Amino acid sequence: MNAVTRAERARQLDGEAPTLAFTLDGRTVQARAGETIIEVARREGVEIPHLCWTPGLDPAGNCRACVVEIKGERVLAASCCRRPAAGMEVSSDSVRARAAQRLVLELLQSDLPGAPLKRDDEVGAWAAKLGVGPSRFAARAPIAPDLSHAAIAVNLDACIQCTRCVRACRDEQANDVIGLAWRGAQARIVFDIDDAMGSSTCVACGECVQACPTGALASAGGAALQAAGRQVDTLCPYCGVGCQVRLHVEDDRIVQVEGRDGAANHGRLCVKGRYGMDYVRHPQRLTVPLIRRADAPKHAGAVADPAAAMSCFREASWDEALDHAGRGLRRIRGECGPRALAGFGSAKGSNEEAYLFQKLVRLGFGSNNIDHCTRLCHASSVAALLEGLGSGAVSNPVMDVTRAEVILVIGANPTVNHPVAATWIKNAVRRGTRLIVADPRRSELARHAHRFLQFKPDSDVALLSALLHTIIEEGLTDARFIADRTSGFEALREQVRGCSPEAMAPLTGIPAATLREVARLYATSRASMILWGMGISQHVHGTDNARCLIALALATGQIGRPGTGLHPLRGQNNVQGASDSGLIPMMYPDYQRVTDGLARERMAAAWGVPAAQLDAQVGLTVVELIDAMRRREVRGMVIMGENPAMSDPDADHARQALASLDMLVVQDIFLTETACLADVVLPASAFAEKTGTFTNTDRRVQMGRAALPLPGQARQDLWIITALARQLGLDWTAYGAQPRDCAAAAAAVFDEMRRVMPSIAGITWQRLQREHGVTYPCTHEGDPGAPVVFTDRFPTADGRGRFVPTSIGAAEEQPDADYPLVLITGRQLEHWHTGSMTRRSAVLDAIEPDAVAFLHPDELARLGVRAGALISITSRRGQVILYARADSGTPPGTVFAAFCWAEAAINKLTNPALDPVAKIPGFKFCAVRVAPAASGGRPTTIGKP
Amino acid sequence: MRYACRVERSTIPILDAASARQRRRQQPKGRQVDAAVLAELRTWLGDEPLRRDRLIEYLHVVNDRLRCLPAPHLAALAQLMRLPMAEVFEVASFYHHFEVVKEDADGRVAAAPALTVRVCDGLPCEMAGARELLARLPALLGREVRVVPAPCVGRCEAAPVAVVHQHPVPRATPQAVREAVQAGRTHDLVQGHVGLDAYRAGGGYALLRQCHRGERSADSLVETLEHGGLRGLGGAGFPAGRKWRIVRSMPAPRLMVVNVDEGEPGTFKDRWILERDPHRFLEGLLIAAWAVDADAVTIYLRDEYHGCRAMLVEELARLRAEPPSPGLPAIELRRGAGAYICGEESAMIESIEGRRGLPRLRPPYVAEVGLFGRPTLVHNLETLYWVREIVERGAAWFVAQGRHGRQGLRTFSVSGRVARPGVKRAPAGITLRELVDEYCGGMQAGHELYAYLPGGASGGILPARLADLPLDFDTLQPHGCFIGSAAVIVLSKHDRAADAARNVMRFFEHESCGQCTPCRAGTAKAGMLLAQPVWDAKLLADLGQVMRDASICGLGQAAPNVVDGVLAHFAHEVRS
């Protein structure tokens, strides 16, 4: 559009920009090159009214409220777009400038509704400041509201056509829904082709609401007019991007969520972060400890309906519930040994909770049977990264896409699963970065891609081997990097020798020429970033998939510099931190192997126990634990905030396993499908109710702060862990955990963590409170932290990155005549993980209320099913019934479904076959058949008060 | 009467809760592209890779076939071009000649009317009876034919004008329009112009060849133009030679754009020149492109000049086939879509880039950052037309043509109450009285000079007692007026200046791009204030000041001129 883009500005402001002097309202002031007059004025404390300009958006210069008089010029200039020249004489408060500013405000005010739609209505505020009286002009004709969207109310009667929403939607989020259509006085904000907002492609990120100066776009339900007595700076509880938010709280309720200028989000949020916080106060919140009634035996099939399941429990006091749980666990430990107990932690809990929970299992239970959902998402990525590079975390933050020349996104759908991360990718593309998207499903990101490779499901290794083959064959490797910093290249060369693009084309469905072009682009760019998600990791060959990506980076030297490297997009808000903190069966905190005697000694010393007390045997992983339960080798469990009854493959099998336990203790905020199978349910703390640190996908440790008190008798998770520890004979009172406030305890636990975890040794609690977040490795106090790692060596024994050859494997279960389609599972934008939180959020539930499966329209036609009709999907393991959604992005021959629907738990169908290295199940591939269904399954009461 | 046709929008169709839920089950968010429409569109657009900047051309392809733009086609076009739907819709809804049609409740798109008759209601046509035509034609032409008012169509010498589809009916009467409709006369044809052969036979393109062969230097040409005092004849009057000098000094690649979006009410000279001597203009264009070393040239022609477009397509093809000199730059002819604002050079550049015609903020100027971000030479057609003549006949000859101390020739478009309206090539500095008496056969019988607008809708209004001012750039500023594109509209005592102001303000309100507050809200509020029989002079003055001071472009800055003129010279009409 007009004026200077932010990219241009950034370039101009980079480095040692010279300054120039000019006169502003009679004062001599200095401007850096590239600064606009209004920016200088702000710095100098000179207030100039402005509406269309707002920090963070490209200037547009359309409202004209900020006009200033420049000596010698015929007309006034918009100070938001105009850059001063040396010696320029600028007046923001001359009679002429003020007259224009005031009249602009008067013109706008004449068209606004009588009462403001927003508490901090900017037109009203400026008008009051400049003493603009009631408008002398007649109003325009009123414009009808559009209340079709669950999250956002549209009242264009209050619109001043400043286009902040357009720029927020288009330039910032690149969701591209909002436009300013028509022209002149008819110019009007539209969604898509002038569609109702509720029928548009709007993804409800709410960026437009945050940008709107008048409340013409505002959160539905009148939040913009509600007072909020407190503001709490904390984090979004959902994905691994780690957006910083400010919660506006009134009467112990979250009134509004605002994006904060965090390193990962810079004010941006997505629909979940913006509108998905109300689950915290859902009537189905657990507020009293529950004990299973003696007359209500566990039944694996009875989990889909929390209302019905409630009747299986009775309320109990905390003392009774803890006592009951402790007795059961102690009995199993005593009778069957420590390995008969296990714990599932959660990647949604804080670092301190994860650390203390694994400590509970390792010291209190006495085994390494501790795991969490990382096993189900990125275990294979982590395994391959540890093996190849010596570190399981990302090499560069997401934000480095803005410094890349080529971005390869493979097996990831960030617009859905990491929406704010996706915005940076889209922004980079608009500035000229070439994006390559490779995925069997066409996601929204494909529209922005330079090349989109819609390869056949399960052909990842073939695809990536073809790229490696091309790079080696065409001499595009970085020979120096390979020689200086890697080992094992010859084996890789051998392995991909037969994998020419021509040979791989039939396997992958991608023309050889395209594969070659992409390989060249990736290898020869100045800086190439690879980002991947569970499309890579959730395969029985997931580790091999990730090995190929590592090989691409090592062979081309595309790692170890800003803007180039490897980034597995972490799913949960603290999946990085939970793994770092030792919530995995083979490693202590900071990835020290439990089989390593020295590591055991270090941990034992830190924990004040004899080394012999620590189990030297690697514990069982998630799916292995389920099998061990079926074999009665594991008989007791504590599950903190996980929901394996929904998230594990072959869910019926998993539910039977959970139901077979002698003692299952679940601490959670809702009666999840897993909690339905518990013996004891402990009401715990929601994200917004606790203080702790969370590590995002960028390795950034960030501070989450309690904003709300706990409801009823709910307790802090950290306190619950210490209470369970006490039941198992551990005295952890020194942490100082209080039932309803664990902020101080969290600080104490974190302090212990930094003593046993060298990677975060330099991060202090005080610094986190001050700076909100610090990136590790941060090895000593004062260390700024390292967003980009592997710059000169890899943290392996010999300092070299290692090529690990792979083989072209295939999923265990291929489609056949009985089960002709491939089922791909994943997530949807509005629903998080197993849906326990998001389906209890009013807005998210309203936007996506029903269980749906995605099929290509041609596939639907072939099946004789109309879009929107009920279908059954059946695999060798189970069946679900849901609605068929026509989606041209899903390739024919496949069906996609998310695992958030309790009434249609898709993991009943998935195959528990595991990747041999990482023990991750192949959620992305199993054989199913689809048929029309006459009627639905039992509807769930989840989310329905 | 308002231009209601484009802005009548039904209330937003909002699905009830049950159908919204069912829709969510059926499909992903938002409109889905209809596979059949997509396939149809692909055939219409051909195999060439789609270019973002040609979006408006593609919209014309659909609009020409369907006489409207159905929403499903816009969605399909967005997908084909990998553009957001909103971006396509913004552009489609910006231009008056596109009519977006949405689906009804059953998802069907109503067919567009078989035929549209546009009645020009620009000031000269309104004075000549456009209102009566608009009132009478619908009944006369029947339901199949849609009759709509249109802003100035650039044929003011033949007012009132009605356009049957693309066929202009000069001096239109209801009967003449009905005859054209019944006879199926729906297209425009330019005939009798000097074609390529004739132009070359008359010595045409010799100058260009001299330039290309190095027999003339760009510097010498610039000097000649500077001595001749050739100024931008689109209205701004920027010295042409200096413009060439500036653009030449900018880093390559450089581009050139020719503004033939003649839209100032009362102006029709560019069409008149094009219809007669197109190659004289094209030679000037090629010389200018050579002088500034432009890689490519875009001619932006207003959509209303359908006959000129067809002729120009043909003549450009011939020129390409038989180039008078090797190494001509690519010349692309682009079609406007009904937007006065696109005559503003930066808005035109936006339009050529396939976007809404929103003027850009200056600085930077288009000579520095123009089309596709490149330094760009922008000229009006007539400016280029004069290049050959001034170089061949010499700067001194041109300078000697003026009157009353002014220099050069001007091409006046004269309309209104004169006996012989039309294009008048007259000395710069001629007075209105001289122009009417010497060139236009005096006033129409029974009419006495009352007022005149010296520069179309933008240039203000002057009373008869100021009919002896020299008409040229820089001479009318003291009176709050300017000559602009030299469109002179003459009012007689049968007319009222206040009505002229209302007509003109309605035009500006209709044509405001809507980008900035002073113009968007200002023209609308001014329209409401002018509708009153008695004007609020204080409020109009305040409003005029902010429009003049704070609007982004000349449209908003000049829109209050005529109001000020009425208050200064014709206050008796609007006082209580």
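Chain A is the first sequence line, chain B the second, and so forth, proteins listed ahead of strands; every chain is numbered from 1. The structure presented is a predicted model; accordingly, all values stated were derived computationally and were not measured.
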- Donor-acceptor pair, A/Arg183 side chain versus B/Phe94 backbone, under 3.5 Å? yes
- Is the backbone of A/Ala886 close enough, under 3.5 Å, to the side chain of B/Gln27 for a donor and an acceptor to pair up by distance? no
- Message: I'd like to know if the side chain of A/Arg885 and the backbone of B/Arg24 have a donor-acceptor N/O pair within less than 3.5 Å.
- Response: yes
- Item | Minimal non-hydrogen separation, A/Asp887 against B/Pro28, with atom names | OD1-CG, 3.9 Å
- Pick from A/Ala78, A/Cys63, A/Gly889 with the largest number of heavy-atom pairs that fall under 4.5 Å of chain B: A/Cys63
- Message: At a 4.5 Å cut-off on heavy atoms, which part of B/Arg520 comes close to chain A: side chain, backbone, both, or neither?
- Response: both
- Query: Just by distance, with hydrogens left out, do A/Arg447 and B/Gln79 show a side-chain donor and acceptor under 3.5 Å apart?
  - Reply: no
- Within the distance-only criterion (no hydrogens, no angle test), does the side chain of B/Arg21 pair as donor or acceptor with the backbone N or O of A/Ala846 below 3.5 angstrom? no
- Message: Please identify, among A/Val852, A/Asp111, A/Val177, the residue contributing the most non-hydrogen atom pairs under 4.5 Å to chain B.
- Response: A/Asp111
- Between A/Ala449, A/Cys162, A/Ala97, which shows the greatest number of heavy-atom pairs under 4.5 Å with chain B? A/Ala449
- Task: Test B/Thr517 against every option in A/Val104, A/Leu51, A/Leu105 by the side chain to side chain contact (heavy atoms under 4.5 Å, CB included) rule and name the one that passes.
- Result: A/Val104
- Message: Less than 4.5 Å to any heavy atom of chain B: does that hold for the side chain of A/Arg866, its backbone, both, or neither?
- Response: neither
- Query: For A/Ala139, is it the side chain, the backbone, both or neither that has a heavy atom under 4.5 Å from a heavy atom of chain B?
  - Reply: backbone
- Item | B/Lys29 vs A/Glu848 side-chain heavy atoms within contact, under 4.5 Å | yes
- Query: Taking all atoms of both residues into account, what is the closest heavy-atom pair of B/Phe89 and A/Ala181, and its distance?
  - Reply: CE2-CB, 3.4 Å
- Residue pair A/Leu180 / B/Glu90: nearest heavy atoms and the distance that separates them: N-OE2, 2.8 Å
- Item | Heavy-atom donor-acceptor pair, B/Lys102 side chain to A/Ile193 backbone, under 3.5 Å | yes
